[in-house]
Amino acid sequence: MTARAGNPSVGDESRMHPLDAFMAALASRRLFCDGWGDEETFAGAPLSGRLAATVLPLEVRWGAEQAAGRRRFRDGAFDSPWVALPSEVRLGSVRWMTSERGRGRDACVVLAASRDEGFRLRSWLFAPLVEEGVDLFLLENPYYGTRRALGQKGPHIRTVSEQLQMNIASIEEARALVAHARREGYERVAVAGYSMGGYMAALTAATIPEPVGVAALAAGASPAPVFTKGVHSRSIDFRRLAGSPDETEARTRLATILDAASARLLPPPVKPSAAVILACARDAFVPLAEARALHAHWPGSELRIVDAGHISAVITSGAALRGAIRDAVHRSGQ
């Protein structure tokens with residue numbers, strides 16, 4: 001395990017960063033405002049049984065190449081391989097970024113965090129990697145941005161079933177984009193993401209039957225504690241979800257549903273030594289214990305810890321986040 005940025009005490013999980021506390025105070029309780037949704041979505045087979053047995057093909061319809069300073073990009077559209085999505089949500093959106101010097105030898109599929117619509121934030125945070133020869137494929141999540149459902153207002157997921165549809169579709173699309181990058185001739189390929197994107201990147205890597213790098217940033221083994229115990233749970237009106245003043249049953253049920261998508265229920269990636277898990281020591285959203293659990297489940301992976309909170313790391317620890325992706329990409333080919 002490697003500790004970075006001030007060598008914080010990895011045993012101290014109670015030091016909430018003030019920026020995390022501030023963002024938690026702004027929580028609007030609009031997540032899952034329409035309840036559980038289609039209950040068949042979370043009944044029956046676990047996550048591993050819902051994904052396609054083989055990675056499904058993806059045909060991207062690319063637009064014209066455009067310049068952005070020292071970089072170039074192209075936006076593409078595709079039909080999601082996850083056919084259960086509503087038609088307006090199924091139309092996928094991806095941005096490819098490269099250096100003005102020309103295409104790199106490596107590539108990384110970068111998934112979105114919660115409420116991360118469009119490509120601006122991830123471009124600002126990760127685009128410097130293209131100067132190092134790592135081209136980026138930025139996937140816009142189902143139900144976000146240009147992929148919002150009819151009647152959806154803002155990046156707030158209305159039901160638990162929509163959240164699960166988003167997550168399953170993101171995994172299928174990410175797996176397909178990794179395969180697409182390989183067909184395009186990239187020598188080393190990884191998948192990465194921050195927060196929810198990190199969880200989805202971990203699950204994607206664990207369900208690809210060949211070596212792939214993975215950078216799970218500010219993520220862990222299971223999303224259940226994030227939604228039911230961490231400060232992110234303040235975004236959910238559990239009494240409304242329960243339909244009664246007693247919210248205990250709703251919290252327990254949601255935890256059970258989300259824990260069915262835990263990475264601990266899947267085998268490690270084919271090449272766990274190409275996995276870099278980066279955790280934030282003062283994270284009030286994702287428990288440090290969850291990052292440790294993912295690291296323990298993936299023998300040979302590397303756990304890095306930065307002295308930051310969940311929100312502040314995006315501002316202060318960009319170099320460490322990019323370094324995790326860079327190393328995951330390079331190790332995928334060793």
Side-chain angles (χ1 to χ4, degrees), residues 4-5 19 58 60-78 91-141 144-148 155 170 173-174 177-178 180-198 200-201 213-218 276 278 306 308 310-333:
R4 300 273 179 95
L19 192 53
L58 192 72
V60 183
R61 302 178 289 277
W62 293 107
E65 191 170 290
Q66 303 179 58
R70 296 174 298 170
R71 295 149 194 153
R72 296 181 295 157
F73 71 92
R74 297 175 72 186
D75 289 339
F78 60 88
L91 181 61
S93 179
V94 61
R95 174 167 290 182
W96 170 76
M97 299 189 70
T98 191
S99 168
E100 65 177 356
R101 298 190 303 271
R103 206 182 84 165
R105 60 178 291 197
D106 304 324
C108 184
V109 176
V110 185
L111 307 183
S114 294
R115 300 185 179 94
D116 181 9
E117 297 192 298
F119 308 114
R120 181 173 298 179
L121 177 60
R122 281 174 290 164
S123 295
W124 168 76
L125 189 57
F126 299 121
L129 286 167
V130 305
E131 306 301 321
E132 304 176 29
V134 181
D135 290 354
L136 303 178
F137 291 85
L138 309 179
L139 176 66
E140 180 155 67
N141 271 19
Y144 284 170
T146 61
R147 305 183 68 180
R148 289 184 189 172
S170 295
E173 292 169 11
L177 282 172
V178 167
H180 174 83
R182 287 197 169 110
R183 289 198 304 272
E184 289 293 305
Y186 286 100
E187 297 179 26
R188 298 178 294 196
V189 183
V191 60
Y194 191 89
S195 189
M196 180 179 69
M200 295 302 101
V214 54
L217 312 174
V276 180
L278 186 143
V306 296
H310 195 82
I311 306 300
S312 68
V314 175
I315 303 169
T316 64
S317 303
L321 299 176
R322 291 188 293 273
I325 292 178
R326 180 192 309 113
D327 291 343
V329 169
H330 290 173
R331 294 172 188 178
S332 69

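Bear in mind the structure is a predicted one, so any value in this text is a computation, not a measurement. Residue indices begin at 1 and follow the sequence shown.
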Can you name the side chain to side chain contact (heavy atoms under 4.5 Å, CB included) partners of Arg148, sequence neighbours left out?
Glu117, Gln152, Pro155
Listed partners of Arg105 passing side-chain hydrogen bond (donor to acceptor under 3.5 Å, both in side chains), at least two apart:
Glu187
When rounded to the nearest 0.5 Å, the distance separating CG of Leu125 from CG of Asp116 is 9.5 Å
Could you give me the CA-CA distance, side-chain angles and deciding distance for Phe126 and Leu321, then say whether side chain to side chain contact (heavy atoms under 4.5 Å, CB included) is met?
CA-CA 8 Å; Phe126 299 121; Leu321 299 176; 4.1 Å; yes
Can you check whether Leu139's main-chain N or O pairs, donor with acceptor, with Arg122's side chain at less than 3.5 Å?
yes
My understanding is that only residues two or more places apart in sequence, or in another chain, count here; which of them pass salt bridge (charged side-chain N to carboxylate O under 4.0 Å, His left out) with Arg120?
none
Residue list, ring-ring contact (aromatic ring centres under 6.0 Å, His included) with Tyr144, at least two apart or on another chain:
none
About how many Å separate OG of Ser195 and CE of Met200, when rounded to the nearest 0.5 Å?
10.0 Å
side-chain hydrogen bond (donor to acceptor under 3.5 Å, both in side chains) filter on Thr316, not counting sequence neighbours, yields none
Any chance you could lay out the side chain to side chain contact (heavy atoms under 4.5 Å, CB included) test for Leu177 and Leu58, step after step, and finish with the verdict?
CA-CA 7 Å; Leu177 282 172; Leu58 192 72; 3.5 Å; yes
For Arg70, salt bridge (charged side-chain N to carboxylate O under 4.0 Å, His left out) partners two or more places apart:
none
Which pair of non-hydrogen atoms, one from Ala127 and one from Met97, has the smallest distance, and what is that distance?
CB-CE, 3.8 Å
For Glu140, enumerate each residue passing the salt bridge (charged side-chain N to carboxylate O under 4.0 Å, His left out) test, keeping only those at least two apart in sequence or located in another chain.
none
Can you name the closest pair of heavy atoms from Leu278 and Ala320 and give their distance?
CD1-O, 3.7 Å
So, using side-chain hydrogen bond (donor to acceptor under 3.5 Å, both in side chains) as the criterion, who are the partners of Thr98 when residues are at least two apart?
Asp135
Heavy atoms, side chains only, cut-off 4.5 Å: are Asp106 and His330 in contact?
yes
So which atom in Arg103 and which in Gly185 form the shortest heavy-atom distance, rounded to 0.1 Å?
NH2-C, 3.7 Å
Who passes side chain to side chain contact (heavy atoms under 4.5 Å, CB included) against Trp62, sequence neighbours left out?
Val60, Arg74, Val94, Trp96, Phe137, His180
The side-chain hydrogen bond (donor to acceptor under 3.5 Å, both in side chains) partners of Glu131 (sequence neighbours excluded) come to Arg71, Arg101
In chain order, what residues pass the side chain to side chain contact (heavy atoms under 4.5 Å, CB included) check against Asp75, with sequence neighbours excluded?
Phe73, Arg95, Phe119
OG-CG distance between Ser114 and Asn141, expressed to the nearest 0.5 angstrom:
8.5 Å
Is it the case that the side chain of Tyr194 and the backbone of His310 share a donor-acceptor pair, with hydrogens and angles ignored and the cut-off at 3.5 Å?
yes
Contact check, side chains of Leu129 and Arg326, non-hydrogen atoms, under 4.5 Å
yes
Looking only at heavy atoms, the pair that brings Leu111 and Ala201 closest together is CD1-N, 3.7 Å
Taking side chain to side chain contact (heavy atoms under 4.5 Å, CB included) as the test, write out the residues that go with Ala319, two or more places apart.
Arg322
Closest approach of Ser317 and Ala308, non-hydrogen atoms and distance?
OG-CB, 3.9 Å
Least distance between heavy atoms, Val276 atom then Arg331 atom
CG2-NH1, 3.6 Å
Check against side chain to side chain contact (heavy atoms under 4.5 Å, CB included), Leu121 and Val314:
CA-CA 9 Å; Leu121 177 60; Val314 175; 4.2 Å; yes
